[in-house]
Structure formats: structure tokens, C-alpha cells
**Student:** 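Quick one: the structure is below, questions incoming.
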Amino acid sequence: DSGVTQTPKHLITATGQRVTLRCSPRSGDLSVYWYQQSLDQGLQFLIQYYNGEERAKGNILERFSAQQFPDLHSELNLSSLELGDSALYFCASSETSGSPGEQFFGPGTRLTVL
Amino acid sequence: AQSVTQLGSHVSVSEGALVLLRCNYSSSVPPYLFWYVQYPNQGLQLLLKYTSAATLVKGINGFEAEFKKSETSFHLTKPSAHMSDAAEYFCAVRPGNTGKLIFGQGTTLQVKP
């Protein structure tokens, strides 16, 4: 158990819908990262937040957005869903932002878009 | 842009045999390098990391990796495979001071009895 929790574990929805994925980082970790794992694209970095502020952006679609709240949990919002958005979405956390410290990964949320 | 290439999407070894998973990176400066393991239906777990302290890095579960700047490689090895090592392995690079990880495509390790 990494200490990072993600809810829900599974999510099945239809095209055009909007969903919210939630992540709670390890106690004391200020940085949260979101990654997408799909068969087509592999594991891709989406976005990073550090203590409530957006720190880095990767291959995140405009239909996707994220935020980190004062209690440090984070939410990833996916809207106007398409079949290709079906993937495993991981959240990871670390103590700091730029140091080579370990990122601890949650178990992921499996999103299926029908 | 920095990238990571893992040679071989599937590697099969017999139990007790040497495990060698290959990773090459592209970077103009020495990066931070990582190996992660993903068991079925689980998240990623860090095996080991290179942060420029020592070129031979020892990790968990008997794995180690050697950073070779001249070859831009960071191959993962284990002297003797166990059935429990069957999983998917990812090499990743963290460029400079950014927090993001850039992953390779992954290598699925099969261990045959």
C-alpha cells in the first residue's frame, strides 16, 4: 500500500459525459501528479500540482482539467468523453516538486467510455 | 525532448535465469532515471532510482541497474528470476528539475517454471 488513494476504482460511462476522478496523496506529500495509461499511448504524464498550484503540464487535453484543494487532495475532471479516453488514470504524490524523490502511485481508476 | 526506449516489449526467462531488461534514454544532461514495476491490477512501485550518486544502483527484490553514460543506458538486471517477478516493468526519466516522469513503453516479463 503506497498511501495514495484513488476513487473510484472503476468508472463506466457514455460518450459525451463528464466524470471526476479523486486522489488523496500520502500524508505530508505536497505534490500530486496525474498520469494516463492506455494501450495506444502507454503511460503519459498529464499534469502536476504542488501545494495547490499548477506546476507542470504534459499531454493533457483541453477537455481535461485538474485542481488541488487546500487539504491537498486532487481531482481530475474529464468532460465530453470520447471512446479514446478509456484508460487507467493514475495519481502519484511526492514530498516536493523538483527533487529526485520517489513518486508514490495510487492503484488507479479504470475509466471505460462506451 | 527527453525520451526513454525500452528494447523488447516482452521478455521470457526461466525461473532461476538471469533477468535483463533494457532501457536507453536520450538526454543532453545526466537525468534522474527510475525503474518501476507494475503487477496486474495494481499501481506502479519503485524498484530503484539513479540520481548521480553511484552508477550501480541496488533496488528492492534483488534488482539492480547500472547507469552507463557512454551508452546512455540504464539496464535492469536480476541474477535469478522468481515466478513472483512476472510483471510489467517501466523505465522512466525525470528531466532536470521538473517533477514529471517520462516513461518507456514497458516490458512484460514472463517467468517460466
Side-chain angles (χ1 to χ4, degrees), chain A residues 1-7 9-10 23-26 29-51 53-60 66 68 74 88-110, chain B residues 1-10 23 25 27 29-55 57-60 63 65 67 74 87-108:
Chain A
D1 185 354
S2 66
V4 178
T5 60
Q6 290 187 247
T7 56
K9 284 194 74 171
H10 301 277
C23 167
S24 292
R26 290 189 325 152
D29 284 357
L30 299 178
S31 211
V32 169
Y33 312 79
W34 286 97
Y35 294 87
Q36 179 194 57
Q37 185 178 31
S38 66
L39 287 174
D40 293 345
Q41 302 292 327
L43 257 171
Q44 288 200 98
F45 168 75
L46 295 178
I47 197 164
Q48 176 200 359
Y49 277 82
Y50 177 75
N51 204 19
E53 302 282 330
E54 183 183 303
R55 184 57 64 97
K57 229 171 182 176
N59 299 323
I60 188 166
Q68 186 179 26
S74 177
L88 197 49
Y89 291 85
F90 286 110
C91 168
S93 73
S94 66
E95 276 186 338
T96 57
S97 176
S99 72
E102 178 176 353
Q103 289 185 22
F104 293 86
F105 282 76
T109 293
R110 183 170 295 279
Chain B
Q2 298 200 14
S3 65
V4 173
T5 301
Q6 290 183 240
L7 290 172
S9 57
H10 287 85
C23 172
Y25 67 91
S27 173
V29 296
Y32 301 129
L33 292 160
F34 304 80
W35 275 100
Y36 280 84
V37 60
Q38 183 180 25
Y39 298 102
N41 301 313
Q42 293 188 29
L44 283 78
Q45 180 184 9
L46 182 69
L47 280 177
L48 48 81
K49 64 182 179 184
Y50 168 74
T51 59
S52 76
T55 57
V57 181
K58 293 189 185 298
I60 62 171
F63 284 94
F67 173 73
F74 190 56
E88 188 156 19
Y89 293 79
F90 292 92
C91 182
V93 62
R94 177 186 267 177
N97 282 330
T98 69
K100 68 179 182 181
L101 291 171
I102 299 171
F103 286 91
Q105 286 299 306
T107 298
T108 301

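Every chain is numbered from 1 and lettered A, B, ... according to where its sequence line falls, protein lines coming before strand lines.
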**Student:** Taking the six-membered ring where the residue is Trp, are the ring centres of B/Tyr25 and B/Tyr50 under 6.0 Å apart?
**Tutor:**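 So the answer is no for these two rings.
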**Student:** Which residues satisfy the side chain to side chain contact (heavy atoms under 4.5 Å, CB included) test with A/Glu54, sequence neighbours excluded?
**Tutor:**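 Counting only residues at least two positions away or on another chain, A/Glu54 forms a side chain to side chain contact (heavy atoms under 4.5 Å, CB included) with A/Ile47, A/Tyr49, A/Lys57.
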**Student:** Side chain, backbone, both or neither: which part of B/Gln45 has a heavy atom under 4.5 Å from chain A?
**Tutor:**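 No part of it gets close to chain A.
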**Student:** With a 4.5 angstrom heavy-atom cut-off, could you sort out which part of A/Leu88 is near chain B: side chain, backbone, both or neither?
**Tutor:**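 Side chain only.
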**Student:** Between the side chains of A/Tyr33 and A/Ser74, does any donor sit under 3.5 Å from an acceptor?
**Tutor:**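 Looking only at side-chain atoms, A/Ser74 and A/Tyr33 do not form any donor-acceptor pair under 3.5 Å.
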**Student:** Sort B/Gln42 into side chain, backbone, both or neither according to what part of it lies under 4.5 angstrom from a heavy atom of chain A.
**Tutor:**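 Answer is backbone: N, CA, C or O of B/Gln42 sit under 4.5 Å from chain A.
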**Student:** Can you tell me which of A/Gln6, A/Gln37, A/Lys9 forms the most heavy-atom pairs within a distance under 4.5 Å of chain B?
**Tutor:**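 Option with the greatest count: A/Gln37.
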**Student:** Using the test side-chain hydrogen bond (donor to acceptor under 3.5 Å, both in side chains), find all partners of B/Lys58 that sit at least two apart in sequence or belong to another chain.
**Tutor:**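 With neighbours one apart ignored, the set is B/Glu64.
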**Student:** Step by step, would you call B/Thr107 with B/Gln6 a side-chain hydrogen bond (donor to acceptor under 3.5 Å, both in side chains)?
**Tutor:** CA-CA 7 Å; B/Thr107 298; B/Gln6 290 183 240; 3.2 Å; yes
**Student:** Identify which part of A/Tyr35 has an atom lying under 4.5 Å from any heavy atom of chain B, answering side chain, backbone, both or neither.
**Tutor:**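 Contact with chain B is through the side chain of A/Tyr35 alone.
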